[in-house]
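The block underneath contains the structure these notes are about, expressed in structure tokens.
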Amino acid sequence: MRNETLDIRGDYEKNGYVSPLDILTPSEAQRLRDDFERAEDAVSGDSQRLKLLYSYPDRLIPSFDALLRHPNVIAAVSPVLGPDLMVWSGALFVKEARSPKIVSWHQDLTYWGLDDAQEVTCWVALSEASEQSGCMRFVPGSHQNRIVPHVDTFDENNLLSRGQEIAVNVDDADTVAAALHAGQASIHHGHLFHASGPNQTDDRRIGAALRFIKPSMKQKNGARTLVALVSGQDEFGHFEIAAAPRGFLHEDDFALCQQDADRKKEILFEGV
């Protein structure tokens with residue numbers, strides 16, 4: 001794999017991101033997509049369960065839990081965060097074919113309520129993520145900023161929870177496109193400015209955003225949110241460690257996800 005020739009830590013420290021990284025084969029990515037779309041069909045008549053599926057595929061579908069622990073994913077993240085790794089969230093971002101949905105310029109850690117910035121997002125493409133389909137764009141080096149002011153737009157075409165957008169101008173000339181083939185991934189810092197445009201193609205654009213943190217981190221409000229311990233040890237006990245999914249869309253797992261969603265809603269919408 002080409003990852004072995006990359007200076008992941010060096011590139012990450014300089015630019016705030018590394019892309020592309022080879023993680024899955026195209027057939028492995030397709031199997032994950034198939035699992036997700038089968039689950040999507042199964043809960044399509046229940047809007048609340050569909051929302052939980054998009055937010056917690058790793059807690060509801062065994063193959064997505066396995067993705068968090070994939071050796072190539074761990075090898076991409078551990079040079080930055082070290083051997084002890086938790087996943088705070090493994091959400092899916094889906095742009096339908098010919099969709100105007102976008103993700104505005106933002107920094108990931110703005111509203112997550114975590115006490116530190118020892119976080120890395122690994123964004124795994126389960127379909128083609130080209131410039132035409134709305135791949136992510138980064139501003140290299142912008143991770144050196146702490147959190148900058150954001151405004152909440154609640155725009156219906158914005159995939160972010162609050163439609164949050166940084167209150168600073170971003171010059172297109174300063175941005176780079178992080179196009180990915182299915183099975184490839186990028187990693188980026190929680191302070192990096194990033195965004196993505198609409199999907200102008202005839203296929204869905206599907207990506208899994210795996211948010212890795214160090215076990216030493218905690219929620220500032222003291223909440224024990226649900227995480228997966230995917231590598232190493234947790235010597236701190238700041239979070240609730242999730243077991244592997246009990247099965248495919250198991251009732252008990254939906255209940256657990258709903259409880260965590262309620263906890264995280266208080267954090268994500270604080271001050272609204």
Side-chain angles (χ1 to χ4, degrees), residues 1-24 56-59 64-93 106-125 136 138-147 178 180 184-194 207-220 223-242 244 260 264 267:
M1 282 205 156
R2 64 179 298 275
N3 300 359
E4 297 172 358
T5 67
L6 297 176
D7 177 10
I8 291 177
R9 184 175 179 84
D11 289 349
Y12 185 88
E13 289 181 349
K14 176 184 178 182
N15 297 316
Y17 74 94
V18 182
S19 180
L21 294 159
D22 294 329
I23 301 296
L24 306 173
Y56 295 92
D58 52 320
R59 305 277 51 86
F64 278 79
D65 176 68
L67 175 63
L68 308 183
R69 309 164 196 279
H70 194 290
N72 292 337
V73 171
I74 301 302
V77 177
S78 57
V80 178
L81 292 183
D84 301 328
L85 298 171
M86 288 175 166
V87 174
W88 184 82
S89 168
L92 285 163
F93 283 79
H106 69 288
Q107 296 167 292
D108 282 338
L109 286 171
T110 311
Y111 299 120
W112 294 358
L114 293 165
D115 72 334
D116 201 350
Q118 299 296 316
E119 182 273 341
V120 172
T121 296
C122 180
W123 200 95
V124 183
M136 281 198 294
F138 299 130
V139 178
S142 58
H143 65 302
Q144 302 295 346
N145 296 298
R146 299 300 293 177
I147 295 296
L180 301 171
Q184 290 186 317
S186 61
I187 60 171
H188 68 266
H189 191 286
H191 288 162
L192 190 75
F193 293 0
H194 61 290
L210 316 179
R211 284 84 176 247
F212 287 83
I213 61 173
K214 285 190 172 185
S216 57
M217 291 178 68
K218 59 186 176 184
Q219 301 290 166
K220 288 187 284 188
R224 288 173 54 81
T225 52
L226 190 66
V227 302
L229 179 64
V230 298
S231 177
Q233 304 295 321
D234 171 25
E235 298 179 353
F236 299 89
H238 294 157
F239 297 90
E240 180 180 346
I241 306 297
D260 190 65
K264 282 183 176 170
I267 296 168

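We number each residue from 1, following the sequence as shown.
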Between the side chain of [X] and the main-chain N/O of [Y], is any donor-acceptor distance below 3.5 Å?
| X | Y | value |
| --- | --- | --- |
| Q107 | H191 | yes |
| H143 | E13 | yes |
| N15 | P140 | no |
| S19 | A178 | no |
| D108 | G190 | no |

Does [X] reach the side chain of [Y], with side-chain heavy atoms less than 4.5 Å apart?
| X | Y | answer |
| --- | --- | --- |
| L114 | Q219 | yes |
| V80 | V18 | no |
| V73 | F212 | yes |

In terms of heavy-atom contacts, does NZ of K264 have more than 12 from other residues, nucleotides or ligands at under 6.0 Å?
yes
So, taking the atom named CD in Q144 and the one named CG in L192, what distance separates them when rounded to the nearest 0.5 Å?
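Interatomic distance, Q144 CD to L192 CG, rounded to 0.5 Å: 10.0 Å.
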Classify the ring geometry between W112 and W88 as parallel (under 30°), tilted (30 to 60°) or perpendicular (over 60°).
parallel
Partners meeting side chain to side chain contact (heavy atoms under 4.5 Å, CB included) with A209 (sequence neighbours left out):
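Testing A209 for side chain to side chain contact (heavy atoms under 4.5 Å, CB included), a comparison that skips the adjacent residues, returns F93, T121, W123, R211.
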Salt bridge (Lys or Arg N to Asp or Glu O under 4.0 Å): which pairs involve residues 65-86, sequence neighbours left out?
R59-D65, D65-R69
